[in-house]
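Position 1 is the first residue of the sequence; numbering continues from there. Quantities reported herein were computed from a predicted structural model and do not represent experimental measurements.
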Amino acid sequence: MQPKILIVEDEADLRELLLYNLENEGYRVEAARTGLEGIALAETFRPDLVLLDLMLPDIAGEEVCRRMRNNAAFHNTAILMLTAKAAETDRILGFRRGADDYVTKPFSTKELLERIKAILRRTKGESNLFRLRDLQLDFDRHQTRIHNRPINLTSQEMALFAYLVQMRGKVVTRDRLLEEVWGHGADVDSRAIDASIKRLRAKLEDYRDIIETVKGVGYKLNTEMD
């Protein structure tokens, strides 16, 4: 059964955007416009995760979070706060009220979806690891290890490797890598992608052949390497 997510957000456009993207990911989703409406809806919907805006028209999101954390029915419900407040004191207050994570507006929808997945995995006690013998990639901690030794990958190399792992068994074109890893509109050509792959392979040492070149097309992850 897919996790249930409750959106508490007063901005109609953002609320609809979140609803569309979350339903598209297969989640069961409900939405509320105010804090009190969100609390009431949570009582019947019993969400696994709440996307909670802090600046609501009736009561503050921090107060919504506090009330939910004081209700035993929601002790296992994750809360991810959405806010335009970027100050450290605001984030600390959110965490003190019981938030599991904090995302500042404007945010990347793709990053938000990944954070939601990571939170849900943690609350369910699931691991998110890729292993091939002595090679291990921890998606949640953004760490790669070989022979239990950490490999220093840049954030771009980590994103590239993680995407190839996610698409393992499939050939990924350079255009797809450009869009999914570098982002639409990035000023990067195929030579830069090839150069990034070359640097990543070098850091993977004995596992360099895990990234296979498909001539004229792109790359794929080779999990059957000798």
Side-chain angles (χ1 to χ4, degrees), residues 1-35 37-39 41-56 61-62 64-69 71 73-86 90-130 137-143 155 158-163 165-167 179-181 183-184:
M1 189 174 291
Q2 283 295 89
K4 295 186 289 185
I5 297 179
L6 173 63
I7 302 167
V8 185
E9 169 61 62
D10 65 317
E11 293 181 41
D13 289 345
L14 179 55
R15 191 168 61 246
E16 290 302 314
L17 177 66
L18 291 170
L19 228 122
Y20 171 80
N21 281 283
L22 290 168
E23 288 180 339
N24 201 43
E25 290 289 313
Y27 297 113
R28 290 179 291 163
V29 191
E30 294 286 350
R33 189 184 68 84
T34 69
E37 181 186 346
I39 293 171
L41 187 53
E43 291 280 358
T44 55
F45 185 53
R46 296 299 174 95
D48 297 289
L49 182 143
V50 178
L51 286 180
L52 178 60
D53 183 27
L54 291 193
M55 300 180 70
L56 296 167
E62 291 95 343
V64 175
C65 186
R66 187 191 69 79
R67 293 189 190 186
M68 292 190 71
R69 285 293 176 247
N71 186 333
F74 303 121
H75 282 181
N76 294 323
T77 299
I79 298 176
L80 196 165
M81 290 184 169
L82 305 174
T83 181
K85 298 179 179 180
D90 294 314
R91 294 197 300 274
I92 291 171
L93 178 60
F95 288 128
R96 285 178 177 171
R97 290 288 188 267
D100 294 274
D101 204 351
Y102 192 108
V103 175
T104 305
K105 300 177 183 177
F107 51 79
S108 157
T109 302
K110 186 183 298 184
E111 179 185 353
L112 178 64
L113 291 173
E114 289 303 317
R115 287 199 186 206
I116 289 171
K117 290 176 186 176
I119 291 171
L120 289 172
R121 281 192 298 269
R122 290 198 299 269
T123 57
K124 294 181 183 298
E126 298 174 3
S127 63
N128 186 29
L129 302 175
F130 167 78
L137 173 61
D138 187 326
F139 286 89
D140 292 340
R141 293 182 174 83
H142 294 268
Q143 294 177 348
S155 58
M158 187 68 190
L160 177 58
F161 189 28
Y163 187 69
V165 168
Q166 178 186 332
M167 300 298 289
E179 181 177 346
E180 296 293 336
V181 178
H184 181 71

Checklist entry - Step by step, would you call Ile39 with Asn71 a side chain to side chain contact (heavy atoms under 4.5 Å, CB included)? => result CA-CA 10 Å; Ile39 293 171; Asn71 186 333; over 6 Å; no
Checklist entry - Should Ile79 and Arg69 be marked as a side chain to side chain contact (heavy atoms under 4.5 Å, CB included) after you check the CA-CA gap, both sets of side-chain angles, and the distance that decides it? => result CA-CA 9 Å; Ile79 298 176; Arg69 285 293 176 247; 3.6 Å; yes
Item to check | Chi angles and distances behind the side chain to side chain contact (heavy atoms under 4.5 Å, CB included) call for Leu18, Thr109 | outcome: CA-CA 8 Å; Leu18 291 170; Thr109 302; 5.9 Å; no
Checklist entry - For Leu137 and Met158, what are the C-alpha separation, side-chain angles and deciding distance, and is it a side chain to side chain contact (heavy atoms under 4.5 Å, CB included)? => result CA-CA 9 Å; Leu137 173 61; Met158 187 68 190; 2.7 Å; yes
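In terms of heavy atoms, Ala42 sits closest to Met68 at CB-CE, 4.1 Å. Closest approach of Val29 to Leu19, counting heavy atoms only: CG1-CG, 4.2 Å. The two residues Asn21 and Leu17 have their closest heavy-atom pair at ND2-O, 2.9 Å. Among all heavy-atom pairs drawn from Leu160 and Val181, the shortest one is N-CG1, 3.9 Å. Heavy atoms only, all atoms of each residue included: Glu9 and Leu14 are closest at OE1-CD2, 3.5 Å. Annotation for Gln2 and Gly26: closest pair CG-O, 3.0 Å, computed over non-hydrogen atoms.
Between the OG1 atom in Thr77 and the CG atom in Leu6 there is a gap of 9.5 Å [rounded to 0.5 Å]. With rounding to the nearest 0.5 Å, the separation of NZ in Lys117 from CG in Leu112 is 11.0 Å. Distance check: Asp101 CG to Leu52 CG gives 12.5 Å after rounding to the nearest 0.5 Å. With values rounded to the nearest 0.5 angstrom, Arg15 atom CZ is found 8.5 Å from Ile7 atom CD1. Remark: Ile116 CD1 to Ile5 CD1 distance equals 4.5 Å, nearest 0.5 Å.
Between Asp53 and Lys105 there is a salt bridge, with a side-chain nitrogen of the basic residue lying less than 4.0 Å from a carboxylate oxygen of the acidic one. A salt bridge does not link Arg66 to Glu62: none of the charged side-chain nitrogens sits closer than 4.0 Å to a carboxylate oxygen.
Using modelled atom types, one side-chain atom of Asp48 and one backbone atom of Lys4 make a donor-acceptor pair closer than 3.5 Å. Remark: the backbone N or O of Leu80 is not paired with any side-chain donor or acceptor of Asp100 at under 3.5 angstrom. Put simply, the side chain of Arg115 gets close to the backbone of Tyr102: a donor and an acceptor are under 3.5 Å apart. Glu11 contributes no side-chain N or O that, together with a main-chain N or O of Asp13, makes up a donor-acceptor pair within less than 3.5 Å. In this structure, Asn24 contributes its side chain and Tyr20 its backbone to no donor-acceptor pair below 3.5 Å.
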